[in-house]
Amino acid sequence: MSSFLDYLTLGIVLGSMYAIFAIGYTLVYGVLQLINFAHSEVFMTGGFVGMIVLTEFAPSRPHGFPSVLWMVIGCLSGMVGGAAIAWCLERVAYRPLRKAHAPRLVFLLSAVGASFFLYNLCGKLFGRTPIQVPSLYTNSVLFHWPGTSVEVRVNQVVVVGAAVVMMIALDRVVNRTKLGSGIRAVAQDAETAGLMGVDIDRVVSRTFVIGGLLGGAAGFLYGYAVSGQVVFTMGFVPGIKAFAAAVLGGIGNVRGAMLGGLLLGVIESFTVPLLGSEWIDVAAFVILVLVLMFRPTGLLGERLGRSA
Amino acid sequence: MLHRKIVKFAVPLAAGVLALSACSSNGKSGGGGKSGGSGGGKTVTIGLQGPLSGANAQLGINVKDGVQLAFNQFNAKPNKPFTVKLATSDDEGDPSKANAAATQLIQNNSIKAVIGPIFSGPTKASEPLYSSASLLSITPSATNPQLTTQGFTSFLQGIANDNLQGKAMADYITKKLTPKPTKVYVIDDKSEYGVGLANVARADLKADGVQVVSDSVPAGTPDYSGPAAKVANSKATALIYAGYYADAAPLAKKLHDAGYTGAVFSDDGAKDPQLVKLAGTAVNNWYLTCPCTDPTVQASTKTFATQYTSTFKTPPSTYSAEGYDEANMLLQQITKLGAGVSRQALLAAMKTADYKGISKEFSFKSTGQFKGTDVWIYQVKSGKITFLGNVNQLVGSAG
């Protein structure tokens with residue numbers, strides 16, 4: 001029982017990171033029906049910007065309130081970095097193609113090209129070896145699961161807490177605000193939404209920025225709390241996982257991405273004791289294939305417009 | 001209108017292409033050494049294949065700098081018989097990129113011999129090519145034992161192989177740790193090197209009557225919390241991690257978080273200050289074995305360490321001295337045979353050569369396997385990798 005809770009905790013932590021990362025894929029798919037393969041570099045940017053801000057500006061080993069403050073600053077800077085890159089990506093890699101009514105395949109190539117360019121640029125600028133993210137506090141045990149010896153540490157609470165706050169905020173934005181209804185309208189029928197007075201360019205651009213904010217936060221949390229280091233290729237594997245999570249939950253569906261991310265994290269975590277660590281990817285993708293065989297549109301169905 | 005569109009596209013595209021080509025063009029010439037004096041006017045080129053980028057690049061850079069220092073010193077001699085040049089080829093430590101990296105060196109006809117590959121996986125992939133080109137490839141660091149059993153004809157392994165390192169780990173665990181562990185956890189990183197080393201350690205531990213728990217965690221795994229929790233839950237009192245530092249570091253942090261308190265052993269792939277830099281205090285008390293000595297400790301390498309530090313602004317690390325030695329061994333043979341020596345003649349001479357380097361003595365069995373058998377052990381103590389000694393001597397040369 002105690003080891004069950006142990007792996008469940010680890011799975012939820014990993015899963016919440018996947019979830020906020022996956023939302024970026026799903027939002028862009030929702031409005032443009034294309035997979036933003038450069039989103040993994042938004043994640044990487046978030047990790048690097050957060051690392052740089054903490055290394056350059058944060059005092060070493062702050063105590064009490066300043067460590068919380070610097071954690072928030074690190075996360076916010078990661079989000080801003082991610083959003084800035086996502087905005088640039090939309091401007092440089094997608095908008096010109098959209099204006100030229102290029103075929104779908106070209107968007108894909110453009111995204112992959114942008115991704116290559118960005119991560120190699122990062123490798124060139126910051127070196128190709130991993131860089132440690134400074135820690136702001138001792139990652140001590142916060143509490144035990146009631147009645148067991150399973151520990152929950154500060155970092156784990158931070159990741160899950162940040163993810164929950166962001167997911168609730170996003171859900172509000174998509175369902176309750178004018179921008180949210182704009183996003184849903186464009187997702188449902190871009191042409192009609194345009195005729196109704198929705199500024200499609202602005203909606204698309206802001207969708208990228210929202211995805212970038214969450215992707216940057218995911219990158220920061222991953223660099224700070226999950227792996228403790230950043231490297232220019234850090235976005236690749238988590239990017240594929242987050243994309244898989246978005247598909248698992250139903251791509252284009254925000255709540256689906258959240259559910260898919262959490263599920264994927266938990267599945268991966270339980271693969272370790274049940275099958276062995278080398279089967280993590282196999283188990284995750286076998287589940288994905290099985291789900292898609294019986295529910296081709298993912299667990300919660302596709303399309304942002306219809307289901308959200 | 002159309003023009004503006006094209007410009008909008010072309011500028012970022014061109015910038016991207018430029019940046020990418022800048023990344024890959026550093027493979028062509030790794031010279032950089034000052035060529036003092038006029039020399040005989042002849043130039044000899046030596047190739048180097050290894051990870052110069054990628055997550056574990058530090059190990060490749062260590063070797064490259066050691067080789068570069070040897071070349072700089074040779075070129076600075078007033079009566080040098082020829083000028084030596086270094087041509088590097090980056091395989092990123094990735095077996096799938098090894099063929100391209102080897103081909104780049106083989107097709108350069110001015111290259112007489114190659115130092116490297118640095119890692120075992122890329123070596124296994126590249127050697128068939130080097131063998132068919134009769135181009136000598138001498139590694140300072142690829143320790144997989146199978147490399148000398150595949151019939152490669154132009155490969156020399158300038159280092160004791162992992163049969164010895166795996167045994168050294170097992171010996172140290174069963175003979176030096178108190179209380180003697182009854183259950184040891186062995187993790188490999190699924191690479192040629194990690195699996196090879198881990199399997200030797202597993203077999204030796206079992207032969208010593210120790211219960212072995214195995215796991216394989218592929219290098220680059222995003223999150224080590226699960227594997228670390230599994231180690232902590234297993235109640236094993238010692239752990240061996242066979243892999244490289246870029247993955248050993250996050251594993252160390254997660255082991256610490258999971259509350260694991262047993263002894264941890266890792267290998268030459270993890271023995272680099274980068275490990276401590278990335279993992280911080282979590283890696284304290286880790287044992288690291290290596291078929292390499294510490295160039296800053298041994299008396300014979302002290303001068304080398306000072307020169308290296310003043311040239312590269314960082315002390316020599318794992319395999320720097322070995323790279324330096326192999327470079328000098330090659331230069332000695334080429335000086336003897338003349339700058340116009342063919343690849344085949346140099347290969348034949350190197351196979352039977354015996355060279356007393358600053359780190360150790362280099363001589364090879366007919367398969368290319370290294371004749372020496374020494375393995376050394378280190379321990380991380382308050383943020384520094386400190387030298388403990390020769391494992392054979394520490395455990396009392398028991399068979």
Side-chain angles (χ1 to χ4, degrees), chain A residues 2-3 6-7 9-11 13-14 17 88 91-93 95-97 99-100 110 113-114 116-118 120-121 123-124 127-132 134-135 139 141 149 151 153 155-156 222 226-229 231-234 236-238 241 265 268-273 276-281, chain B residues 2 5-6 8-9 11-13 15-17 19-20 22-24 51-58 61 90 92 187-188 190 214-218 220-230 232-234 245-247 249-250 252-254 256-259 272 274 276-282:
Chain A
S2 75
S3 68
D6 205 358
Y7 294 108
T9 314
L10 298 173
V13 173
L14 187 63
M17 192 207 63
C88 293
R91 275 300 165 110
V92 176
R95 187 170 294 185
L97 295 178
K99 300 285 175 216
S110 173
F116 276 12
F117 170 70
L118 286 172
N120 278 299
L121 181 71
K124 194 84 185 157
R128 287 164 199 264
T129 49
I131 303 169
Q132 197 199 2
S135 75
N139 184 22
V141 180
S149 63
E151 299 169 342
R153 287 177 179 267
N155 274 349
Q156 297 176 323
Y222 175 78
V226 176
S227 78
Q229 60 194 47
V231 65
F232 72 111
T233 49
M234 67 186 269
F236 184 68
V237 175
K241 297 286 175 62
E268 287 194 353
S269 183
F270 277 104
T271 311
V272 174
S277 310
E278 55 195 318
W279 296 98
I280 289 177
D281 295 350
Chain B
L2 186 70
K5 258 181 207 163
I6 289 173
K8 259 186 171 172
F9 251 115
V11 171
L13 197 73
V17 168
L20 282 179
C23 293
S24 63
L52 301 174
S53 67
N56 291 300
Q58 192 58 48
I61 293 164
D90 183 9
E92 298 176 36
I187 301 180
D188 66 68
K190 296 217 67 113
S214 286
D215 199 5
S216 294
V217 191
T221 290
D223 184 10
Y224 275 91
S225 338
K230 204 173 154 192
N233 289 335
S234 74
Y245 66 79
D247 285 88
K253 286 188 171 180
K254 296 296 171 182
H256 181 261
D257 287 355
D272 190 276
Q274 285 283 343
V276 183
K277 213 170 141 190
L278 289 170
T281 53

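Looking only at heavy-atom pairs under 4.5 Å with chain A, the residue among B:Ser53, B:Gly54, B:Gly220 that has the most is B:Gly54.
Around the CZ atom of A:Phe270, the shell of radius 6.0 Å holds more than 12 heavy atoms that belong to other residues, nucleotides or ligands.
A distance-only check finds no donor-acceptor pair linking the side chain of B:Lys253 to the backbone of A:Ser227 [under 3.5 Å].
In this structure, B:Leu278 CG and A:Gln229 CD are separated by 5.0 Å, a value rounded to the nearest 0.5 Å. The OG atom of B:Ser225 lies 11.0 Å from the CZ atom of A:Arg153; values are rounded to the nearest 0.5 Å. Note: A:Glu268 CD to B:Asp223 CG = 8.5 Å, rounded to the nearest 0.5 Å.
Applying the side chain to side chain contact (heavy atoms under 4.5 Å, CB included) test to A:Val272 and every residue at least two apart in sequence or in another chain returns A:Ser277, A:Ile280, B:Pro227, B:Lys230.
Contacts between A:Tyr222 and chain B at a heavy-atom distance below 4.5 Å involve the side chain alone, from C-beta outward. Heavy atoms closer than 4.5 Å to chain B are found nowhere in A:Leu118, neither backbone nor side chain. For B:Gln274, the part lying under 4.5 angstrom from a heavy atom of chain A is the side chain only. For B:Asp215, the part lying under 4.5 angstrom from a heavy atom of chain A is the side chain only. Of the two parts of A:Thr233, neither the backbone nor the side chain holds a non-hydrogen atom closer than 4.5 Å to a non-hydrogen atom of chain B. Heavy atoms of B:Asp257 lying under 4.5 Å from chain A belong to its backbone as well as its side chain. Within the 4.5 angstrom heavy-atom criterion, no atom of A:Ser269 approaches chain B.
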Next item on the list: Take A:Glu278 and B:Lys190 through the test side chain to side chain contact (heavy atoms under 4.5 Å, CB included) and record every step on the way to the result.
Entry: CA-CA 8 Å; A:Glu278 55 195 318; B:Lys190 296 217 67 113; 2.6 Å; yes

Next item on the list: Test B:Tyr224 against A:Leu10 for side chain to side chain contact (heavy atoms under 4.5 Å, CB included), laying out the working first.
Entry: CA-CA 10 Å; B:Tyr224 275 91; A:Leu10 298 173; over 6 Å; no

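Here the closest heavy-atom approach between residue B:Ala229 and residue A:Asp6 is recorded as CB-OD2, 4.0 Å. Closest of all the heavy-atom pairs between B:Asn233 and A:Ser3 is ND2-CB, 3.9 Å.
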